[in-house]
Amino acid sequence: MSSSTAPPSPVEQLASARRGTVIEYFRGDLREAREVRCAAAQNGHEVAPEMAAALAAADLAWREQRAGRVHLFQRRLGPSSFSYLAVRR
C-alpha cells in the first residue's frame with residue numbers, strides 16, 4: 001500500500017522557498033479571477049475552494065513582493081492566459 005502526498009501548495013512553496021527559487025503561484029488570468037471573486041462577494045457568494053486557494057497564493061505573493069522578499073513576473077501563455085511567477089530574493 002503506497003501513501004501519496006499532495007505536492008506543496010504555492011502558499012507552502014512561497015513560505016519555504018530559498019533564495020532564487022521560482023514558484024508559479026497562479027496560472028490563468030489573475031485580473032479576471034479577482035473580478036470573479038469580487039462579484040461573488042458582492043452577491044453573498046464564495047468562489048470554488050480551488051479558486052479561493054489560488055487567489056490566496058496570489059495575495060500572499062503580492063504581500064511578499066511589497067515586503068521585498070520576492071520579485072514578481074508573468075509569462076504570457078496565450079490569449080488571456082498567463083503564468084504568474086515569484087522569485088525568492
Peer 1: Between Tyr25 and Tyr84, what is the ring plane arrangement, given parallel below 30°, perpendicular above 60°, and tilted in between?
Peer 2: tilted

Peer 1: As a quick check of understanding, evaluate side chain to side chain contact (heavy atoms under 4.5 Å, CB included) for Phe82 and Leu77, giving each step before the final call.
Peer 2: CA-CA 5 Å; Phe82 302 88; Leu77 303 174; 5.6 Å; no

Peer 1: Show the nearest heavy-atom pair for residues Val11 and Ala57, with the distance to one decimal.
Peer 2: CG2-CA, 3.6 Å

Peer 1: To the nearest 0.5 Å, how far apart are CD in Glu24 and CD in Gln74?
Peer 2: 12.0 Å

Peer 1: Of Leu60, Leu30, Val36, which meets side-chain contact (heavy atoms from CB on, under 4.5 Å) against Leu55?
Peer 2: Leu30

Peer 1: Is it true that Asp29 and Arg34 have a side-chain N and a carboxylate O under 4.0 angstrom from each other?
Peer 2: no

Peer 1: Between Arg88 and Glu64, is there a salt bridge with N-O shorter than 4.0 Å?
Peer 2: yes

Peer 1: To the nearest 0.5 Å, what is the distance between CG on Leu14 and CD on Glu12?
Peer 2: 10.5 Å

Peer 1: If you look at every heavy atom in Leu72 and Ala86, which pair is closest and at what distance?
Peer 2: CD2-CB, 3.7 Å

Peer 1: Determine the minimum heavy-atom distance between Ile23 and Ala17, stating which atoms define it.
Peer 2: CD1-CB, 3.5 Å

Peer 1: Can you give me the closest heavy-atom contact between Val47 and Arg37, atom names plus distance?
Peer 2: CG1-CA, 3.6 Å

Peer 1: Could you check if a side-chain atom of Arg89 sits within less than 4.5 angstrom of a side-chain atom of His71, using non-hydrogen atoms only?
Peer 2: yes

Peer 1: From Ser83 OG over to Arg76 CZ, what is the distance, rounded to the nearest 0.5 angstrom?
Peer 2: 12.5 Å

Peer 1: Rounded at 0.5 Å granularity, tell me how far CD in Glu32 sits from OG in Ser81.
Peer 2: 10.5 Å

Peer 1: In Å and rounded to the nearest 0.5 Å, what is the CZ to CD distance from Arg31 to Glu35?
Peer 2: 4.5 Å

Peer 1: Using atom types as modelled and distance alone, determine if a side-chain donor or acceptor of Gln13 lies under 3.5 Å from a backbone N or O of Pro8.
Peer 2: yes

